[in-house]
Amino acid sequence: MNARIPNSLLFEAEEGRLAALDCLARKLWLGGLTNSQGRLEPRLESLASLREGLVVGCLPSADGWRWPPAPIAGALHEAIADLGLAGYCSGEEELADTVVMGVLFHLDFIVDYRDRGASEAEATRMAVDAFASDWRERCGQFDELVEVFGLLPDDASNTRWDQLRGVLCSAGWQEVLRIRRLLERLPELARIIRGLGRELPSEDDDAEDHTAVNVVDQAIALRAQRHSVHVPEMPGETRGVHRSDRIARMLPAEAMLLAHPLLRLVWHARRAERTLLAYEDDDRMQELRLQQSARPRIGRQAGKRAEMGPIMVCVDTSGSMQGGAEAVAKAVVLEAMRTAYAQRRACHVFAFGGPEELLEMELKLDSGGIGRLTRFLGQSFHGGTDICAPLEKAIAKLEDQRWRLADLLIASDGEFGATPETVAHLNSIKRKLGLRVQGVLIGDRESVGFLEIADAIHPIRDWRRYGGSNAESPIHSHRLTAMYFPGALRGAQNRQHAVSGETASAAIRAGLHRREPGPGTEPSAGDNDAGPE
């Protein structure tokens, strides 16, 4: 009953002819079975061999092709080699399948060309030229994608290529290419964006992260240590019986020999030979020894900076960013997308202008993400500036587990100001989740609003050159606000000596002067700023 039923041999011979289909994707089966060129078995085997060679990046020699016929195989091999398709298909199975489908599609037209009156050689040339023309355009677009993003998009080889090709033929894509060439002159952007995120520790020390640890000092000191020393034969603890010449510790039986007139000589002989039976005892002494040792001390040591996590970017698209600042801001977005895709990280962009002018984009390197990026980089910046809305959106996004380890990058000229409530909310999230806010200053100097929300500001001082101007920055340093107006910031020390706007207005209306208490307040010894001078 349990005997294995033998496989049917009825169709085994016929199925053996189709064994090569196991090496081909299912979408290649129909074209491989119905193509008008050559016989079935050589065709399937040659298609499997061609696909395998494309995937490993090595095109098989035309002499080894069993399909198509030699004249067609030679011309097709030359076209594929000239286009360098093996290099594009290396490691890309879907793209290799697309190339094989193109071969089957164009070679199937040879019969149609012959029906229209073309000779065998002319029909072959027309089919191979059509295949080469189709893929020459696509290879050029592949080169542009690799130039911009460093890698091919995820769906560059599937059925959505037509949608992606439409994006690559648009005027906005030319702006993408221009911004990519601009990135070559801004290498610092790549360094800043690479350090965003808090998922993995890097090799660099974090100057802001210090923990108390035991640090071994290099100085060597003499240190006293107590040791227990074993002293034999010292009266103390009795451990047993042994042979010795110590009269004070000999057994009573040995002492009885001295009273005998003859055995007393035996006692003297034993004593001379140190063989008297005696009690064995010893003791231990404590002594101090000076030893050299390293002296430990409690110190603070820098931790490792975290990086490689999700990226959130806030880009200022207000009217003040037009010109060179706009080009640099677009370069920040493009570099964030390039870095995120190359390192398999998530990237979300907030483009903010005036009130109610907020655009959110999650940039993935596929046809949809490239389309969104192209539309964004192709538009011009205009409108006002409202930083509170994108900050609140970014803070809300941190509640999602996927974005919990993200850092925030703000690219702006700094001409904005956040409300005290937004700044306080942002600071609480920094303390709670460890959020870091990096700023890219595309302007001449930092502003109070930028200094209040950014942990570090990276200036792009020659931003005018990217808008067609060769003018230099009119100031010697971008740190003018911090240097000359340190009291303008909402720091912890400044908040202790500051009053609210309502209190200051009430003091002015009351005509109060400095060192006078404000209305409704109790005078105190330390209250020296109750009213204006």
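Atoms considered below: every heavy atom in the structure, side chains included; atoms not considered: hydrogens, waters and symmetry mates.
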Spacing of [X] atom [atom1] and [Y] atom [atom2] [to the nearest 0.5 Å]:
X: Gln438; Y: Ile457; atom1: CD; atom2: CD1; value: 10.0 Å
X: Thr124; Y: Ile110; atom1: OG1; atom2: CD1; value: 4.5 Å
X: Cys23; Y: Leu47; atom1: SG; atom2: CG; value: 11.0 Å
X: Glu188; Y: Ile460; atom1: CD; atom2: CD1; value: 4.0 Å
X: Leu363; Y: Ile311; atom1: CG; atom2: CD1; value: 10.5 Å
X: Thr422; Y: Asn427; atom1: OG1; atom2: CG; value: 11.0 Å

Looking only at non-hydrogen atoms, find the nearest pair between [X] and [Y] and report the distance.
X: Leu358; Y: Lys393; value: CD2-CG, 3.6 Å
X: Ala418; Y: Val423; value: CB-CG2, 3.8 Å
X: Gln37; Y: Arg43; value: O-NH1, 2.8 Å
X: Ala336; Y: Val313; value: CB-CG2, 3.9 Å
X: Leu408; Y: Cys314; value: CD1-SG, 3.7 Å
X: Leu359; Y: Phe376; value: CD2-CD1, 4.4 Å

Ile442 and Tyr466: CA distance, side-chain angles, deciding distance, side chain to side chain contact (heavy atoms under 4.5 Å, CB included) verdict
CA-CA 11 Å; Ile442 316 173; Tyr466 307 113; over 6 Å; no
Can you check whether [X] reaches [Y] side chain to side chain, under 4.5 Å on heavy atoms?
X: His106; Y: Val128; answer: no
X: Phe352; Y: Asp316; answer: yes
X: His425; Y: Glu392; answer: yes
X: Leu168; Y: Leu145; answer: yes
X: Ile370; Y: Val176; answer: no
X: Leu186; Y: Glu335; answer: no
X: Phe131; Y: Ile80; answer: yes

Using a cut-off of 6.0 Å, state whether more than 12 heavy atoms not belonging to Leu30 lie near its atom CG.
no
Please check this pair: side chain of [X] against backbone of [Y], looking for a donor-acceptor N/O pair closer than 3.5 Å.
X: Ser90; Y: Gly87; answer: no
X: Lys430; Y: Ile453; answer: yes
X: Ser318; Y: Thr385; answer: no
X: Asp407; Y: Arg436; answer: yes
X: Arg114; Y: Ala123; answer: no

Geometric class of the Tyr88/Phe142 ring pair [parallel <30°, tilted 30-60°, perpendicular >60°]
tilted
Taking the inter-plane angle between the rings of Phe105 and Phe109 on a 0 to 90° scale, is it parallel (under 30°), tilted (30 to 60°) or perpendicular (over 60°)?
perpendicular
Kindly indicate, with the supporting measurements, whether the criterion side chain to side chain contact (heavy atoms under 4.5 Å, CB included) is fulfilled by Val349 and Arg372.
CA-CA 11 Å; Val349 175; Arg372 290 189 292 271; over 6 Å; no
According to ring-ring contact (aromatic ring centres under 6.0 Å, His included), does anything in residues 24-48 pair up with another residue at least two apart or in another chain? List the pairs.
none
Tell me, which pairs form a ring-ring contact (aromatic ring centres under 6.0 Å, His included) where one or both residues lie in residues 30-55, sequence neighbours left out?
none
So the side-chain hydrogen bond (donor to acceptor under 3.5 Å, both in side chains) pairs with at least one residue in residues 65-87 (sequence neighbours excluded) are Glu45-Arg66
Which pairs, with at least one residue in residues 322-331 and sequence neighbours excluded, count as a side-chain hydrogen bond (donor to acceptor under 3.5 Å, both in side chains)?
Glu326-Lys330
Salt bridge check: are Glu175 and Arg178 linked by an N-O gap of less than 4.0 Å?
yes
Using a strict threshold of under 4.0 Å (side-chain N to carboxylate O), is an ion pair present between Asp444 and Arg464?
yes
Dump the intermediate steps for side chain to side chain contact (heavy atoms under 4.5 Å, CB included) on Phe450 and Val437, then the final yes or no.
CA-CA 10 Å; Phe450 218 158; Val437 180; over 6 Å; no
Is the NZ or CZ atom of Arg338 both under 6.0 Å from the centre of the six-membered ring of Tyr341 and within 45° of that ring's axis?
no
Let me see the working for Phe350 and Leu391 under side chain to side chain contact (heavy atoms under 4.5 Å, CB included), right down to the final yes or no.
CA-CA 9 Å; Phe350 303 90; Leu391 288 181; over 6 Å; no
Side-chain donor-acceptor pairs under 3.5 Å in residues 51-62, sequence neighbours left out?
{"residue": "Arg51", "atom": "NE", "partner": "Asp97", "partner atom": "OD1", "Å": "2.4"}
{"residue": "Ser61", "atom": "OG", "partner": "Asp63", "partner atom": "N", "Å": "3.4"}

Does a side chain donor of either Gln343 or Thr339 reach within less than 3.5 Å of an acceptor in the other side chain?
no
Show me the donor-acceptor pairs within less than 3.5 Å that the side chains of residues 395-402 make with the rest of the protein, sequence neighbours left out.
{"residue": "Asp400", "atom": "OD1", "partner": "Arg402", "partner atom": "N", "Å": "3.2"}
{"residue": "Arg402", "atom": "NH1", "partner": "Glu362", "partner atom": "OE2", "Å": "2.9"}
{"residue": "Arg402", "atom": "NH2", "partner": "Glu362", "partner atom": "OE2", "Å": "2.5"}

